[in-house]
Amino acid sequence: MEPLTPAKRLTAIAAGIVLAAGAGVAIYREVTRQPLAKLVRADLPLLELTVKLRDSANQDLDAANSLVGSNDEVPAGDERCPALVGGDTGSASAVDVSVKRPADCPKRAAWYVRKHPVAFTLYFNQGEAFLQWWDQQAEVQRLLDNRFVKGLFFGLLQSLHVKAEQLNLQGIQGDFLLQVLRDAVGANAELHYDMAHGSQGWVIGYSRSASRFADQAMPALAGVLASSGYRVGKLPEPILEARIGLQKLFVTEYDGRIYLAQSLEALLNVLDSIAPEAGGGDAPLSLVLRSEAFVAHLLPVMAGAESYPIRWDFALTGAEPGWLSLPAASWQRQLHPRLFDGVVASMPHDAFAGFAASLALPPDLTGDDWRKLAAAGPSANPPGPEPAGIGVVWDFSPDDPAGAVGVVVANPGQPQASPAYAQYLKNPDLGAECAGGSLFLAASSANLLTRMKDACNKQSLSPLDWQRGAEKQRLQDAQLLAFVNPATAARELFLAGGAGANQDANEFAPRWQQDYEAAKAAMRRDGDKLFANLPLLSYAGRVADNASGARLQGKLVAQAVAAAAD
């Protein structure tokens, strides 16, 4: 063997030192990465929970296979030690602190959790790529600096910018919670929304091993910021409760992932309902909407399954947001070759959301036909070659602040079929026909029905008029289309509580009223500028085959629209 030269010997020694240092750092991180329970301070009050699961009708559910639920009897109380009850009880969401209990009473409570499918999850498949894109979006930064956004999300934004120095966290500097969230996004984060728990239904989970900040953040949360905690029998780690600024947080660790939640009930529901995805998608960002959270009883009939996830993949490049994917389902076999134009033409161009499919709904279905459909699902016979379609519109307005839903049914082969569809309406005044009877329109409010009739009669714009008709051919060639207009929902939220009402405040009105109306007008102007820059998300496509389902290509559509004739 040839002896090593001094240069080669130095190179080998240097390489050995580098490898040893790298291995030492890895071993150190593993040794110092203590489980959450080891980081909790000794005097932290912990409450043992017996979690009882309930459905939306407040009926108890079997928890034999649940990760968090229990079939045990709830802890009983007595005169000296009253029973503790919390969670989704209808009367309170936390233990009543006014109930005085001696210090030696059992620290146990019954906690009720409403079990419900998690509505949607935002998957940060490539977190670092998303953060780079986010930081380069000047328009997004202007959006966040808007007075309306700052006012609407005051509590969250205030909490995000609470400094670690204000929290007395040694060795950490800067906006503590903002650092935690950015770190989570870069560590395969999954942001869940549990609609059963409303505004407190947000839960984020991320990989602890992929996190760069967890070794600092977790000791700070568990050892300094946590004010109390909970133990759930089947969970290996406690759930800690902390407050940062105006934001209350619930923190735990399970199966190598850290979870941060706005409410204990949402956290337990997410842990019990959603397993982390194995591997990220090809797109930097994906949104999965779970249909069973909205229309559970319809899915076994139309999709042949108890669940039907709809996935949006966002490319975050150019004017194309990505793809909308629909799993294969039996209803897709009944799609006609193309949509009937009138279905899309009857949708108001500025509605909040819409969906259309080239399905035919015969007007002569009998009770037996409906029962057969409910039992066996859609027919296996192929549809005819003629255009067909049904559409659904979701809209907001000052008259319908909770939202209204409209339905469009096309039946060009039987233009006198409207009375047959009208029989399904509880209020016949909320139905109408259009296009010589080829279209039947229905809505849950008179205002939306009027908007749909105006669009159908070309007295107002529809999606076919987007960008002076540039999108018309793409929508006409599709079997399926969907669109969402975030500006519509944001404007309704902005105007909620009376901001949209413009009461006259003349020169004889009190000064405070004049100032109040002037402030409202200024906020409306700010809002209009803000919403005018938000694009619509439009998706259209066809079913490739019965096994692959459908992929709808997305487009960003500018808010500024004008009729082609203009």
(request) Apply side chain to side chain contact (heavy atoms under 4.5 Å, CB included) to Leu536 and Trp466, showing your working. (result) CA-CA 10 Å; Leu536 295 91; Trp466 281 341; 3.5 Å; yes
Quick one: list whatever passes side-chain hydrogen bond (donor to acceptor under 3.5 Å, both in side chains) with [X], sequence neighbours left out.
X	result
Asn457	none
Asp341	Arg338, Gln476
Lys115	Asp272, Ser273
Glu471	Arg474

(request) Step by step, work out the side chain to side chain contact (heavy atoms under 4.5 Å, CB included) result for Leu177 and Leu249. (result) CA-CA 10 Å; Leu177 190 54; Leu249 282 180; 3.7 Å; yes
Please answer whether the main-chain N or O of [Y] pairs with a side-chain N or O of [X] as donor and acceptor at a distance below 3.5 Å.
X	Y	answer
Ser358	Leu339	no
Asp55	Gln59	yes
Asp88	Arg114	yes
Arg311	Pro327	no
Ser538	Lys555	no
His336	Pro387	no

Measuring from [X]:[atom1] to [Y]:[atom2], what's the distance to the nearest 0.5 Å?
X	Y	atom1	atom2	answer
Tyr123	Asn188	OH	CG	12.5 Å
Ile204	His192	CD1	NE2	8.5 Å
Phe124	Phe130	CZ	CZ	5.0 Å
Glu190	Ser207	CD	OG	10.0 Å
Leu160	Leu246	CG	CG	11.0 Å
Leu267	His197	CG	NE2	10.5 Å

(request) Using a strict 4.0 Å threshold on nitrogen-to-oxygen distance, state whether Arg182 and Asp135 make a salt bridge. (result)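 Yes, charged N to carboxylate O under 4.0 Å.
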(message) Please determine whether salt bridge (charged side-chain N to carboxylate O under 4.0 Å, His left out) holds for the pair Asp350 and Arg451, giving the CA-CA distance in whole Å, both sets of side-chain angles, and the decisive distance to 0.1 Å.
(response) CA-CA 10 Å; Asp350 56 351; Arg451 281 166 49 77; 2.9 Å; yes
Min side-chain heavy-atom separation [X]-[Y] under 4.5 Å:
X	Y	result
Tyr421	Asn411	yes
Ser346	Leu441	yes
Val343	Ile390	no
Ser66	Leu53	yes
Trp134	Gln136	no
Leu481	Val344	yes
Leu359	Trp331	yes
Phe120	Leu287	yes

If you take all heavy atoms of [X] and [Y], which pair is closest and at what distance?
X	Y	value
Leu449	Gly431	CD2-N, 3.9 Å
Pro363	Ala420	O-CB, 3.2 Å
Gln200	Ser263	O-OG, 3.0 Å
Asn125	Ser286	ND2-OG, 2.9 Å
Ala184	Tyr206	CB-CD2, 3.3 Å
Pro348	Met452	CD-CG, 4.1 Å

(message) Using the salt bridge (Lys or Arg N to Asp or Glu O under 4.0 Å) criterion, which residues pair with Arg290? Sequence neighbours excluded.
(response)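 Checked Arg290 against salt bridge (Lys or Arg N to Asp or Glu O under 4.0 Å); zero matches.
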(request) Would you please say whether a donor-acceptor pair under 3.5 Å links the side chains of Asn269 and Glu265? (result)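 Judged by distance alone, the side chains do not pair up.
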(message) For Val407, give me all partners under side chain to side chain contact (heavy atoms under 4.5 Å, CB included), at least two apart in sequence or on another chain.
(response)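 Side chain to side chain contact (heavy atoms under 4.5 Å, CB included) list for Val407, sorted by chain: Val409.
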(request) Report the C-alpha distance between Leu335 and Leu480 in whole Å, list the side-chain angles of each, state the deciding distance to 0.1 Å, and finish with yes or no for side chain to side chain contact (heavy atoms under 4.5 Å, CB included). (result) CA-CA 9 Å; Leu335 289 172; Leu480 297 160; 4.1 Å; yes
(request) May I have the step-by-step check of side chain to side chain contact (heavy atoms under 4.5 Å, CB included) for Phe314 and Leu537, ending in yes or no? (result) CA-CA 11 Å; Phe314 297 96; Leu537 281 74; 3.9 Å; yes
(request) Evaluate side-chain hydrogen bond (donor to acceptor under 3.5 Å, both in side chains) for Asn485 paired with His349, printing each intermediate quantity in order. (result) CA-CA 9 Å; Asn485 186 347; His349 76 96; over 6 Å; no
(request) Give me the one residue out of Phe355, Trp312, Trp323, Phe483 that meets side-chain contact (heavy atoms from CB on, under 4.5 Å) with Tyr539. (result)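 Exactly one candidate clears the test, Trp312.
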